[in-house]
Asks: 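Pasting a structure here, questions to come.
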Amino acid sequence: LEDIPEYNPHAWNEYPKVKPVEPGIYRLEVKHSAGSPTQYFAAVFDFTSEKGWYVYGQGNLINTSFLNGGYVRFRLWED
């Protein structure tokens, strides 16, 4: 059995292992691979279809795919 981490509203959470549990604006960090730059977003999560993250105020879907050495993590904008 795999240990599934719980959402922590006061810390960085690793996506997609953890998903947000409440609507809001989140800080999102995306690093696609070990050698790529880290991207930072003000983002909202799509709770309706769970397709992923969108740029807050713009509605553009954020690419959250990553390779070895990459990561996606999030936390509430205001905690």
Side-chain angles (χ1 to χ4, degrees):
L1 293 171
E2 184 180 347
D3 185 28
I4 300 173
E6 289 187 26
Y7 170 72
N8 181 340
H10 304 293
W12 287 99
N13 295 274
E14 189 178 338
Y15 178 83
K17 289 182 180 179
V18 178
K19 292 184 180 172
V21 297
E22 60 184 307
I25 303 169
Y26 291 86
R27 292 179 244 178
L28 187 71
E29 287 188 3
V30 179
K31 187 169 183 69
H32 295 287
S33 66
S36 69
T38 303
Q39 297 176 299
Y40 303 92
F41 299 95
V44 292
F45 186 74
D46 180 1
F47 285 95
T48 305
S49 65
E50 293 199 16
K51 287 185 179 179
W53 294 92
Y54 290 85
V55 177
Y56 174 70
Q58 295 180 3
N60 300 332
L61 184 64
I62 299 169
N63 178 359
T64 56
S65 61
F66 60 92
L67 303 171
N68 191 22
Y71 63 87
V72 177
R73 65 184 192 161
F74 68 94
R75 70 183 299 158
L76 275 172
W77 191 266
E78 306 232 1
D79 54 38

Asks: Can you tell me how far CG of Leu28 sits from OH of Tyr40, rounded to the nearest 0.5 angstrom?
Replies: 11.5 Å
Asks: For residues 60-68, please give each side-chain donor-acceptor pair under 3.5 Å, one per line with the distance, not counting sequence neighbours.
Replies:
| from | atom 1 | to | atom 2 | distance (Å) |
| --- | --- | --- | --- | --- |
| Asn60 | ND2 | Gln58 | OE1 | 3.2 |
| Asn63 | OD1 | Ser65 | N | 2.9 |
| Asn63 | OD1 | Ser65 | OG | 2.7 |

Asks: Does any non-hydrogen side-chain atom of Tyr26 lie less than 4.5 Å from one of Trp53?
Replies: yes
Asks: What heavy-atom pair brings His10 and Arg75 nearest, and what distance separates the two atoms?
Replies: O-NH2, 2.9 Å
Asks: Quick one, Phe74 with Phe45, criterion side-chain contact (heavy atoms from CB on, under 4.5 Å). Give me CA distance, side-chain angles, the key distance, then yes/no.
Replies: CA-CA 10 Å; Phe74 68 94; Phe45 186 74; over 6 Å; no
Asks: Transitively linked via ILVMFWY side-chain contacts under 4.5 Å: Phe41 with Phe47?
Replies: yes
Asks: Between side-chain atoms of residues 16-23 and protein atoms elsewhere (two or more places apart, or another chain), which donor-acceptor pairs fall under 3.5 Å?
Replies:
| from | atom 1 | to | atom 2 | distance (Å) |
| --- | --- | --- | --- | --- |
| Lys19 | NZ | Glu50 | OE1 | 3.1 |

Asks: Going by side chain to side chain donor-acceptor pair (under 3.5 Å), name the residues that satisfy it together with Tyr71, two or more places apart in sequence or in a different chain.
Replies: Glu29
Asks: Does Tyr54 share a hydrophobic cluster with Ile25, counting links as ILVMFWY side-chain heavy atoms below 4.5 Å and allowing steps through other members?
Replies: yes
Asks: Would you find a donor on one side and an acceptor on the other, under 3.5 Å apart, between the side chain of Asn13 and the backbone of Ala11?
Replies: yes
Asks: Kindly compute the distance separating CD (Glu14) from OH (Tyr7), expressed to the nearest 0.5 Å.
Replies: 15.0 Å
Asks: For Gly52 and Tyr15, work out which heavy atoms get closest and say how close.
Replies: CA-OH, 4.0 Å
